[in-house]
Protein chains: 2
Amino acid sequence: MQPKRNTWQREAVRVELVDAPGFVSAQELHRRLKDGGSTVGLATVYRALAHLAEVGDADSLQSPEGETLFRSCETTAHHHHLVCRKCGETRELAATVVEEWANRVGSKHGFTEIGHVVDLFGLCPSCSAAE
Amino acid sequence: MQPKRNTWQREAVRVELVDAPGFVSAQELHRRLKDGGSTVGLATVYRALAHLAEVGDADSLQSPEGETLFRSCETTAHHHHLVCRKCGETRELAATVVEEWANRVGSKHGFTEIGHVVDLFGLCPSCSAAE
DNA sequence: CTCCTTGTTGCGAATGATTCTCATAAGCGC
DNA sequence: GCGCTTATGAGAATCATTCGCAACAAGGAG
């Protein structure tokens with residue numbers, strides 16, 4: 001359910017999410033807010049993120065470690081990500097190739113309403129160099 | 001670390017995994033084993049699954065609900081999945097296109113050691129019909 | 001076949017992320 | 001400002017997963 005009132009807390013979460021580099025976990029975001037002097041509760045951060053994701057202002061994915069990661073989206077259009085597994089740096093990708101492939105393969109198997117999860121992980125230039 | 005001894009427990013998990021339709025969570029698998037009269041411990045199921053995944057006999061992915069799902073793999077080669085979000089029916093896919101795309105895009109951004117997560121979800125023929 | 005050494009098991013406790021409960025504190029329309 | 005609701009926050013509750021450790025058993029040695 002979408003919130004019906006505007007609160008500074010929700011705004012704080014939105015702003016912090018935009019500032020954050022790449023994907024952040026709810027826990028991480030909460031920590032950042034606290035460090036920044038905010039007193040928002042953890043539960044509220046979760047609620048705010050859930051709302052943002054629902055409206056499409058944020059984007060979520062599961063990290064291999066099982067945490068749910070969020071990121072603010074510039075475009076509400078569908079896209080994918082290339083994330084540095086070391087520092088979290090993120091690039092948004094338009095992947096027409098993949099979309100097409102997904103639909104093609106899906107219908108070949110007779111599946112309908114194809115959705116997909118496509119994300120790339122690697123080491124960004126600077127982290128590669130640091131190795 | 002790979003196990004060095006063979007135990008009936010590990011074998012039981014392997015068999016149960018093969019029998020299971022599509023992806024199953026560790027919890028689910030444990031429940032199935034218990035229902036089948038087995039007394040394997042939950043922790044052991046987790047350990048066994050981790051081993052299978054490590055050797056490439058099983059394949060894992062995160063469900064949107066945050067559980068880790070496993071499935072036995074016919075081929076040890078790298079591949080992707082097309083899963084029915086209704087009944088769990090699964091098809092394995094060879095996706096050379098995607099592999100290439102991933103590497104191409106990755107290096108274009110200067111990223112190294114590109115890994116990727118690619119999964120398709122949809123409604124299988126029978127479930128589509130049932131709608 | 002029996003003994004011994006170690007890798008394994010299985011339990012329950014510990015951890016971590018997420019969700020829920022509920023009393024209290026705000027929004028917002030009047 | 002007033003009151004009616006909805007959102008917040010602190011901690012408890014839930015879940016999946018992992019740990020710690022004593023009891024156990026697989027396999028090789030004798």
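Order of the sequence lines fixes the chain letters, A, B, ..., with proteins taken first and strands second; residue numbering starts at 1 for each chain.
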TODO: Take B/R47 and B/T68, find for each the nucleotide of DNA chain D with the closest heavy atom, and name the residue whose nucleotide sits nearer the 5' end.
DONE: B/T68
Task: Rounded distance (Å) that lies between atom P of D/dT18 and atom NE2 of B/H51 - done: 12 Å
TODO: Tell me what B/E67 touches on the nucleic acid: a base, only sugar-phosphate, or nothing, going by heavy atoms under 4.0 Å.
DONE: sugar-phosphate
- [ ] Taking only the side-chain heavy atoms of A/Q27 (C-beta and beyond), determine which of D/dG9, C/dG10, C/dA17 contains the nearest atom.
- [x] C/dA17
TODO: Would you kindly give the CG-to-P distance between A/L42 and D/dA7, to the nearest whole Å?
DONE: 18 Å
- [ ] Could you say whether B/A26 or B/W8 is positioned toward the 5' end of DNA chain D, judged by the nucleotide with the nearest heavy atom to each?
- [x] B/A26
Open item on the list: With a 4.5 Å cut-off on side-chain heavy atoms, are A/S72 and A/F23 touching?
Closed with: no
Task: Atom-to-atom span, NE2 of B/H30 to C1' of D/dT18 - whole angstrom - done: 15 Å
Open item on the list: Nearest to the side chain of A/R5, heavy atoms from C-beta on, is which of D/dT8, D/dA16, C/dC28?
Closed with: C/dC28
Open item on the list: Once you apply a heavy-atom cut-off of 4.0 Å, does B/Q9 come out as touching a base, just sugar-phosphate, or nothing?
Closed with: sugar-phosphate
Task: Identified side chain to side chain donor-acceptor pair (under 3.5 Å) counterpart of A/Y46 within the set A/H51, A/Q27, A/H30 - done: A/Q27
Task: Of A/R71, A/E67, A/E16, A/R32, the residue whose pairing with A/V24 passes side-chain contact (heavy atoms from CB on, under 4.5 Å) - done: A/R32
Open item on the list: Looking at A/N6, I'd like to know whether one of its side-chain N or O atoms comes within less than 4.0 Å of OP1 or OP2 on C/dA26.
Closed with: no
Open item on the list: Once you apply a heavy-atom cut-off of 4.0 Å, does A/R10 come out as touching a base, just sugar-phosphate, or nothing?
Closed with: sugar-phosphate
Open item on the list: Students often get this wrong, so: under 4.0 angstrom with heavy atoms, is A/S25 touching a base, only sugar-phosphate, or nothing?
Closed with: nothing
TODO: Grab the NZ-C1' distance between A/K34 and D/dA10 for me, whole Å please.
DONE: 11 Å
Open item on the list: D/dG9, OP1 or OP2 - any side-chain N/O from A/T44 closer than 4.0 Å?
Closed with: yes
Open item on the list: How close do B/A26 and B/V45 get, counting heavy atoms only, and between which atoms?
Closed with: O-CG1, 3.9 Å
Open item on the list: What is the distance, to the nearest angstrom, from the CG atom on B/L33 to the C1' atom on C/dG10?
Closed with: 14 Å
Open item on the list: Measuring only between side-chain heavy atoms, which start at C-beta, is B/R10 closer than 4.5 Å to B/T7?
Closed with: yes
Open item on the list: Quick check on C/dT19: is either OP1 or OP2 less than 4.0 Å from any side-chain nitrogen or oxygen of A/Y46?
Closed with: no
